[in-house]
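Worksheet: one structure, shown below.
Predicted model, so just to flag it, every value in this text is computed and none were measured. Order of the sequence lines fixes the chain letters, A, B, ..., with proteins taken first and strands second; residue numbering starts at 1 for each chain.
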2 protein chains.
Amino acid sequence: MSQWPTGRLLGIASRLVEHAWFDALAELDLTHAGMIVLHLLAEAPDSQASLASRARVEAQTISRTIDRLEREGYVVRHEDPADRRRRLVERTPRGAEVFERTRHIEADLFPEVADLPALRAALLDIIGSSSGDRWTTED
Amino acid sequence: MSQWPTGRLLGIASRLVEHAWFDALAELDLTHAGMIVLHLLAEAPDSQASLASRARVEAQTISRTIDRLEREGYVVRHEDPADRRRRLVERTPRGAEVFERTRHIEADLFPEVADLPALRAALLDIIGSSSGDRWTTED
DNA sequence: GCCAAATGATCAGCCGGCTTACTAAATCGG
DNA sequence: CCGATTTAGTAAGCCGGCTGATCATTTGGC
């Protein structure tokens with residue numbers, strides 16, 4: 001396996017970590033995708049298109065994720081009076097509360113690696129150079 | 001984004017790289033999942049359960065991936081006379097040929113990172129410590 | 001030898017990526 | 001001012017993860 005392409009190692013590592021998250025979040029009626037949205041809404045409500053761009057995901061994907069968050073009562077959608085095409089998404093108190101309860105998880109969960117800063121730097125390199133024309137990088 | 005949890009960076013980087021693979025493989029009527037299976041079959045035919053374990057994936061996932069490879073004519077399934085529960089999967093000549101044409105892709109496609117060996121080492125760390133009871137690690 | 005347990009494969013159904021195609025609303029050009 | 005273009009959101013449908021359930025076969029204990 002140590003000879004496998006880096007892209008494949010990346011995919012496998014990602015799925016394994018996400019699976020651990022899934023187990024930890026199940027008791028909160030939350031998924032990994034939902035948690036990302038709750039995180040992005042911490043500061044202020046936002047439109048779905050903006051959320052999609054910030055999460056590096058297509059609009060359709062965000063739409064369904066928000067459907068599920070809404071079903072659980074963690075966010076609400078309401079019309080933007082200034083632009084009736086847009087639907088602003090906002091965390092409910094329950095959504096804010098459940099997100100707070102996820103804060104400790106990463107530390108417990110993420111496995112030990114020899115050089116964590118190097119890993120994070122490499123991942124940011126990849127994201128920076130690959131998300132070129134797909135999402136306007138503003139972060 | 002540089003403050004985001006490492007698990008999330010891993011997921012985004014993985015999707016971006018996989019998307020680039022997807023584009024490169026589309027003209028070969030092949031997907032990333034299919035390519036992995038063709039790789040695993042390079043040496044010898046194998047059973048589906050073994051392929052699933054080697055790819056760090058559940059049996060059901062492999063089953064559908066092989067369905068599609070079979071539909072494209074890249075592999076064939078045949079019964080194992082020694083154990084009639086098993087179905088041995090084998091690459092066809094077309095499958096071997098199309099896999100050869102993917103060999104050059106990784107080099108063209110994978111983005112530049114500052115410290116590639118550190119990235120690979122970290123990913124192998126994660127895979128090693130996370131795939132504990134999920135797959136018997138033999139590789 | 002026979003019945004229980006383990007194993008290999010599949011079906012059904014969920015989630016979360018994606019594309020293509022559509023509607024409604026806002027914006028822009030002439 | 002009005003038609004064309006752009007933008008926000010959604011529906012439909014595919015792929016690839018996953019779980020839980022089912023069926024056939026093999027293995028193992030008694």
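- Looking at residues two or more places apart in sequence or on another chain, you find no salt bridge (charged side-chain N to carboxylate O under 4.0 Å, His left out) involving A:R84.
- Sorted by first and then second residue, the side-chain hydrogen bond (donor to acceptor under 3.5 Å, both in side chains) pairs with a member in residues 113-125 of chain A read A:R120-B:T6; sequence neighbours excluded.
- The nearest whole Å value for the distance from the CG atom in A:L51 to the C1' atom in D:dG9 is 13 Å.
- Sorted by first and then second residue, the salt bridge (charged side-chain N to carboxylate O under 4.0 Å, His left out) pairs involving residues 28-51 of chain A (not counting sequence neighbours) are A:D46-A:R54.
- A close approach under 4.0 Å does not occur between any side-chain nitrogen or oxygen of B:R15 and OP1 or OP2 of C:dG16.
- To the nearest angstrom, P of D:dG16 lies 14 Å from NE2 of B:H19.
- For B:R8, the side-chain contact (heavy atoms from CB on, under 4.5 Å) partners are A:M35, A:I36, A:H39, B:W4, B:P5, B:I12, not counting sequence neighbours.
- Residue B:R84 places none of its side-chain N or O atoms closer than 4.0 Å to OP1 or OP2 of D:dA24.
- Across every non-hydrogen atom of A:L16 and B:S130, the tightest pair is CB-CB, 3.8 Å.
- Between B:R71 and A:F22, the residue anchored nearer the 5' end of DNA chain D, judged by the nucleotide with its closest heavy atom, is B:R71.
- Sequence order on DNA chain C of the closest nucleotides to A:P81 and A:I36 puts A:I36 first from the 5' end.
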Sugar-phosphate means primed atoms, P, OP1 and OP2; the rest is base. With that split, encode nucleotides 6-12 of chain C 5' to 3' as B, S or - using protein heavy atoms under 4.0 Å.
BBSSBBB
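- Evaluation of the side-chain hydrogen bond (donor to acceptor under 3.5 Å, both in side chains) test over residues 94-107 of chain A, restricted to residues two or more places apart or in two chains, returns A:E100-A:R103, A:H104-A:D108.
- Protein atom CG of A:D80 is 14 Å distant from nucleotide atom P of C:dA25, rounded to whole Å.
- B:R77 and B:Q48 form a side-chain donor-acceptor contact under 3.5 Å, judged by distance and modelled atom types alone.
- Following rounding to the nearest Å, A:H32 (NE2) and D:dG17 (P) show an atom-to-atom distance of 17 Å.
- Contact between the side-chain N/O atoms of B:T31 and the OP1/OP2 oxygens of D:dG16 is found at a separation under 4.0 Å.
- Here D:dC15 presents its C1' atom at 15 Å from CD1 of B:I66, a figure rounded to the nearest Å.
- Atom pair A:E79:CD and D:dT10:C1' shows a separation of 13 Å (rounding to whole Å applied).
- Atom CG in A:L10 sits about 15 Å away from atom C1' in C:dG17, given to the nearest Å.
- Atom CD in A:E58 sits about 13 Å away from atom P in D:dA8, given to the nearest Å.
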